[in-house]
J.: 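I have a structure I would like to understand better, so I am pasting it below and will then ask my questions one at a time.
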Amino acid sequence: MKIAISSDHGGNNLRREVMSLLDELNISYEDFGPQNSDSVDYPDFAKPVADGVASGKFDRGILICGTGIGMSIAANKVKGIRCALVHDVFSAKATRCHNDSNILAMGERVIGPGLACEIVKAWLGTEFEGGRHTRRIEKITELEG
C-alpha cells in the first residue's frame with residue numbers, strides 16, 4: 001500500500017505524528033508538505049494528494065488541516081475521490097466498509113495525536129464490504145458526471 005499525505009500549516013504537527021506511525025507500520029508514503037509552519041492555502045496541498053489517488057499512483061491519501069473540513073471539501077472536488085472527514089474510530093471503519101473512502105481527512109485542532117493514530121490504523125486496516133454498498137458507490141460516481 002502506498003499513501004499520499006499532506007496538510008496545511010494547521011495540520012503540520014499531526015501530519016508528522018501520522019508519518020511516524022506509517023514508518024512504524026512500514027507503510028510507504030509520499031509527503032506533499034508543507035515543510036514549514038508558514039501560512040498556506042489548503043487547496044494547494046489537497047490537490048496533489050487527490051490527483052495522485054485518483055490517478056492510481058497512490059492507493060489512498062491522508063489530509064490534515066485545522067479542522068479537516070477545508071481539506072475534505074477540496075479533495076472531494078477531484079473526480080474519483082471519496083474523502084471522508086473522520087474524528088472517531090467507528091467512523092473510520094464505517095467509511096471504509098460502506099463508502100470505500102480513498103482519502104482520510106482529520107483536524108489537528110479537533111483531535112489529538114493518539115486518537116488520530118488509532119483512526120489511521122482503523123482506516124488503513126478496514127476493507128470495503130462491497131455488496132449493496134457497491135451500488136451506492138456507483139451512484140456517487142454518477143453524480144460526478
Side-chain angles (χ1 to χ4, degrees), residues 1-131 133-134 136-138 140-141 143-144:
M1 180 179 297
K2 186 161 184 183
I3 305 294
I5 187 168
S6 189
S7 70
D8 69 358
H9 56 282
N12 255 345
N13 295 327
L14 192 57
R15 185 181 93 251
R16 289 186 185 103
E17 293 282 343
V18 171
M19 289 189 304
S20 292
L21 172 67
L22 296 174
D23 288 335
E24 288 174 28
L25 298 173
N26 292 316
I27 294 175
S28 175
Y29 65 89
E30 187 169 333
D31 176 20
F32 287 89
Q35 301 308 319
N36 59 48
S37 60
D38 295 346
S39 181
V40 297
D41 297 333
Y42 56 82
D44 297 336
F45 289 85
K47 186 172 178 11
V49 170
D51 286 345
V53 172
S55 73
K57 181 178 179 184
F58 299 97
D59 300 301
R60 297 194 203 159
I62 299 173
L63 295 170
I64 304 167
C65 63
T67 63
I69 297 168
M71 285 289 206
S72 64
I73 292 170
N76 279 318
K77 297 295 183 184
V78 175
K79 187 174 184 174
I81 295 303
R82 290 176 306 282
C83 179
L85 174 58
V86 173
H87 292 126
D88 63 86
V89 173
F90 174 80
S91 297
K93 291 177 182 178
T95 192
R96 285 291 308 134
C97 285
H98 296 181
N99 311 118
D100 197 19
S101 61
N102 50 15
I103 296 183
L104 172 68
M106 297 183 290
E108 181 176 317
R109 296 177 187 142
V110 180
I111 58 173
L115 178 55
C117 288
E118 291 304 312
I119 288 167
V120 169
K121 286 191 276 189
W123 186 74
L124 291 174
T126 303
E127 294 299 321
F128 178 52
E129 286 181 3
H133 304 294
T134 301
R136 296 166 185 163
I137 298 305
E138 290 169 352
I140 290 171
T141 302
L143 292 173
E144 295 176 337

J.: At what distance, to the nearest 0.5 angstrom, does CG of Asp23 lie from CD1 of Ile27?
T.: 10.0 Å

J.: Please enumerate all residues that pass salt bridge (charged side-chain N to carboxylate O under 4.0 Å, His left out) together with Lys47, with sequence neighbours excluded.
T.: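 Applying salt bridge (charged side-chain N to carboxylate O under 4.0 Å, His left out) to Lys47 gives Asp51.
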
J.: Tell me which donor-acceptor pairs under 3.5 Å the side chains of residues 34-44 have, and how far apart each pair is, sequence neighbours excluded?
T.:
from, atom 1, to, atom 2, distance (Å)
Gln35, NE2, Asp31, OD2, 3.2
Asn36, OD1, Asp38, N, 2.9

J.: Which atom pairs, donor and acceptor, lie under 3.5 Å between side-chain atoms of residues 82-91 and protein residues at least two apart or in another chain?
T.:
from, atom 1, to, atom 2, distance (Å)
Arg82, NE, Asn99, O, 3.2
Arg82, NE, Asp100, O, 3.1
Arg82, NH2, Asp100, O, 2.9
Arg82, NH2, Asp100, OD2, 3.3
His87, NE2, Thr67, O, 3.4
His87, NE2, Gly107, N, 2.9
Asp88, OD1, Phe90, N, 3.2
Asp88, OD1, Ser91, N, 2.7
Asp88, OD1, Ser91, OG, 3.0
Asp88, OD2, Ser91, OG, 3.0

J.: Donor-acceptor check, side chain of Thr126 to backbone of Cys97, threshold 3.5 angstrom: yes or no?
T.: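 Side chain of Thr126 to backbone of Cys97, a donor-acceptor pair under 3.5 Å: no, none is there.
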
J.: Taking all heavy atoms of Pro113 and all of Leu14, pick out the closest pair and write down the distance.
T.: CA-CD1, 3.7 Å

J.: Find the distance between CD1 (Ile81) and CD1 (Ile103) and round it off to the nearest 0.5 Å.
T.: 4.0 Å

J.: Please output the side-chain donor-acceptor pairs of residues 56-66 that fall under 3.5 Å, not counting sequence neighbours, one pair per line with the distance.
T.:
from, atom 1, to, atom 2, distance (Å)
Asp59, OD2, Lys2, N, 2.6
Arg60, NH1, Trp123, O, 2.8

J.: Going by the ring pair (Phe, Tyr, Trp, His ring centres under 6.0 Å) test, which pairs reach into residues 93-116, not counting sequence neighbours?
T.: His98-His133

J.: Is Arg96 reaching over with its side chain to a backbone N or O of Ser101, donor-acceptor style, under 3.5 angstrom?
T.: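 Flag set: sc Arg96 to bb Ser101 pair under 3.5 Å.
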
J.: Calculate, to the nearest 0.5 Å, the distance between atoms NZ and CD belonging to Lys93 and Glu127 respectively.
T.: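 With rounding to 0.5 Å, NZ (Lys93) is 13.5 Å from CD (Glu127).
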
J.: Hey, what do you get for NZ (Lys77) to CD1 (Ile73), rounding to the nearest 0.5 Å?
T.: 7.5 Å

J.: Any side-chain heavy-atom pair from Lys79 and Thr141 closer than 4.5 angstrom?
T.: no

J.: Show, in sequence, the C-alpha distance, side-chain angles and deciding distance for Val110 and Met106, and conclude whether the side chain to side chain contact (heavy atoms under 4.5 Å, CB included) test is met.
T.: CA-CA 8 Å; Val110 180; Met106 297 183 290; over 6 Å; no

J.: Could you check Val18 against Ile5 for side chain to side chain contact (heavy atoms under 4.5 Å, CB included), going step by step and ending with a plain yes or no?
T.: CA-CA 9 Å; Val18 171; Ile5 187 168; 3.7 Å; yes

J.: Can you sort out the partners of Lys121 under side chain to side chain contact (heavy atoms under 4.5 Å, CB included), two or more places apart, ordered by chain and number?
T.: Leu21, Leu25, Glu118

J.: Determine whether the side chains of Ser7 and Arg15 contain a donor N or O and an acceptor N or O closer than 3.5 Å.
T.: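 The answer is yes; a qualifying pair exists.
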
J.: Just by distance, do the side chain of Glu17 and the backbone of Cys117 share a donor-acceptor pair under 3.5 Å?
T.: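 No; judged by distance alone, with no hydrogens or angles, the pair does not exist.
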
J.: Out of curiosity, Ile3 CD1 to Met19 CE, how far, rounded to the nearest 0.5 Å?
T.: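 If we round to the nearest 0.5 Å, Ile3:CD1 and Met19:CE are 13.0 Å apart.
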
